[in-house]
K.L.:
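Next up is a structure, given as structure tokens.
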Amino acid sequence: MGKFPYKAENDEVRPLAANIFNEAFERVLKKFKTACDLRIRKFQRLKARVPAYTLPDPLITNDSIHVESAKSWYEQRRPEIIELFRANVYGHSWLPARATAISITSSDENALNGHATRKEVRVGLKGRADFPSIKLLLYLPNKIKKQGMRVPVFLGLNFYGNQTILIDPAISINKSWVPKKPILKGKAPDKLRGIDSSSWPVEFVLEHGYGLATAYCGDIVPDRRDGLYLSILKWCGEEADNIATDSWGAIGGWAWGLSRAMDYIEQDEELDANKVAVMGHSRLGKAALWAGAQDERFAIVISNESGCGGAALSKRKFGESVAEINSSFPHWFCEHFKHYNDREEALPVDQHELIALIAPRPVYVASARLDLDADPMGEFLATKHASPVYRLLGTSGLPAEELPAVNVPVMGTMGYHIRTGRHGITLFDWSRFIEFADMHFKNK
Ligand code: GTR
């Protein structure tokens, strides 16, 4: 029995407080240690030498036959490579390719002080009310329309919602989930207007005679670990569950969404569906490449710093690795891609073959010098090693054997630049994309 009045002889609170403090400290320490470990691993990896590696030859079939004609490329090898990417990297899509339901929700011919027509369009799937429609935002330059010409278009997904690409109070606000990112500063959706406008120089693109079409990637697959369950896997039901290891991930979904946007573009008489450049930055650059590889309606394909699983060779093991990308973003690729964690050499394909799938259509790959995670050299080499397929199909391939000097683009049917600076999409990048599009689209 205790004695009352109870008088503590020792300080009883202190050990308890010390425990709480210790636990909290240990938690912080653990977090810090993990962050440091990651940094150290990254640093070691960047310092490490690129291992000797062998790239699969895009022009040798699975049965070891050399592809010597355009016919056997199109009939045998191209479908084989697509299937290798589907089975091992991006997964198969299990939704019908082209049963698009379209409704135009707004159209204003006097946007941006009369210089542009702004349209908002919902692109969904016929008979699938459960499919969340892609809200496509388009700006078209009125000066091109006035000349009675159809408008060539840059099409790309955005990271945080349509209202973030430009300060224009008429753009509908995306109210669905967006990832927490410093750029968003914790602001409510209606306070995000124009917050990513530096990545989207809309007026600049319009001045050069191009339209711009964009949609929020999260309209298709929310970019979070459970994103697939909230979208793709939910829509496809059991069919996808049964084949989960080669079922599509977010990148497959985003690429699929770009093709659905293309379905709309084909139906809009103001747009030139033969002159669509599909583009994307970083993870959305991976999606643009995969969309352009599969869907030959895209006349030009542009990748900006798409790195691992995009334009960079995996087998070089430089920059972000397959194991790292699969652990940070387990929802981006198909399950089977994880089988190649720390075993890039076992991959039956590499990313130069992704670029080769775009041949003979113009392709442009852009890197940044300080964006080592995306492996600029690996992006250059993947572009270069796709050249034999371009040549087989009668075009010239990449007009550079060595990595070009910083800020000096090379452009032929294939184009590449490495610019100064870090990861991001800048006016320098857009200016090159426009030059490249001019080279291929103007006077045609
Ligand atoms: C990084 C990711 C890269 C790249 C980038 C981005 O964290 O590891 O592969 O895609 O994100 O999308 O900004």
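In listed order, ligands and their atoms are each counted from 1. Note that these values count all heavy atoms, side chains included, but never hydrogens, waters or copies made by symmetry. On a predicted model such as this, the values are computed, not experimentally measured, just so you know.
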K.L.:
Taking the six-membered ring for Trp, is the centroid-to-centroid distance between His331 and Tyr229 below 6.0 Å?
P.N.:
no
K.L.:
Measure from NZ or CZ of Arg432 to the centre of the six-membered ring of Phe436, then state whether that distance is under 6.0 Å and the direction lies within 45° of the axis.
P.N.:
no
K.L.:
Are Ser282 and Glu305 linked by a side-chain donor-acceptor pair shorter than 3.5 Å?
P.N.:
no
K.L.:
Could you check whether Tyr53 and Asp350, counting side-chain N and O atoms only, form a donor-acceptor pair closer than 3.5 Å?
P.N.:
no
K.L.:
Go ahead and list the nitrogen or oxygen contacts between ligand 1 and the protein that come in under 3.5 Å, distances to 0.1 Å, or just say none.
P.N.:
{"unit_1": "ligand 1", "atom_1": "8 (O)", "unit_2": "Glu320", "atom_2": "OE1", "d": "3.1"}
{"unit_1": "ligand 1", "atom_1": "8 (O)", "unit_2": "Glu320", "atom_2": "OE2", "d": "2.3"}
{"unit_1": "ligand 1", "atom_1": "9 (O)", "unit_2": "Lys286", "atom_2": "NZ", "d": "2.8"}
{"unit_1": "ligand 1", "atom_1": "9 (O)", "unit_2": "Glu320", "atom_2": "OE1", "d": "2.5"}
{"unit_1": "ligand 1", "atom_1": "10 (O)", "unit_2": "Ser282", "atom_2": "OG", "d": "3.1"}
{"unit_1": "ligand 1", "atom_1": "10 (O)", "unit_2": "Arg283", "atom_2": "N", "d": "3.1"}
{"unit_1": "ligand 1", "atom_1": "10 (O)", "unit_2": "Lys286", "atom_2": "NZ", "d": "3.3"}
{"unit_1": "ligand 1", "atom_1": "11 (O)", "unit_2": "Arg283", "atom_2": "NH2", "d": "3.0"}
{"unit_1": "ligand 1", "atom_1": "12 (O)", "unit_2": "Ser282", "atom_2": "OG", "d": "2.7"}
{"unit_1": "ligand 1", "atom_1": "12 (O)", "unit_2": "Arg283", "atom_2": "N", "d": "2.9"}
{"unit_1": "ligand 1", "atom_1": "12 (O)", "unit_2": "Arg283", "atom_2": "NE", "d": "2.5"}
{"unit_1": "ligand 1", "atom_1": "12 (O)", "unit_2": "Arg283", "atom_2": "NH2", "d": "3.2"}
{"unit_1": "ligand 1", "atom_1": "13 (O)", "unit_2": "Ser282", "atom_2": "OG", "d": "2.8"}
{"unit_1": "ligand 1", "atom_1": "13 (O)", "unit_2": "His423", "atom_2": "NE2", "d": "3.3"}

K.L.:
Go through the structure and list residues passing ring-ring contact (aromatic ring centres under 6.0 Å, His included) with His336, not counting sequence neighbours.
P.N.:
His339, Tyr340
K.L.:
Okay, side chain of Glu270, backbone of Val151: is any donor-acceptor separation there less than 3.5 Å?
P.N.:
no
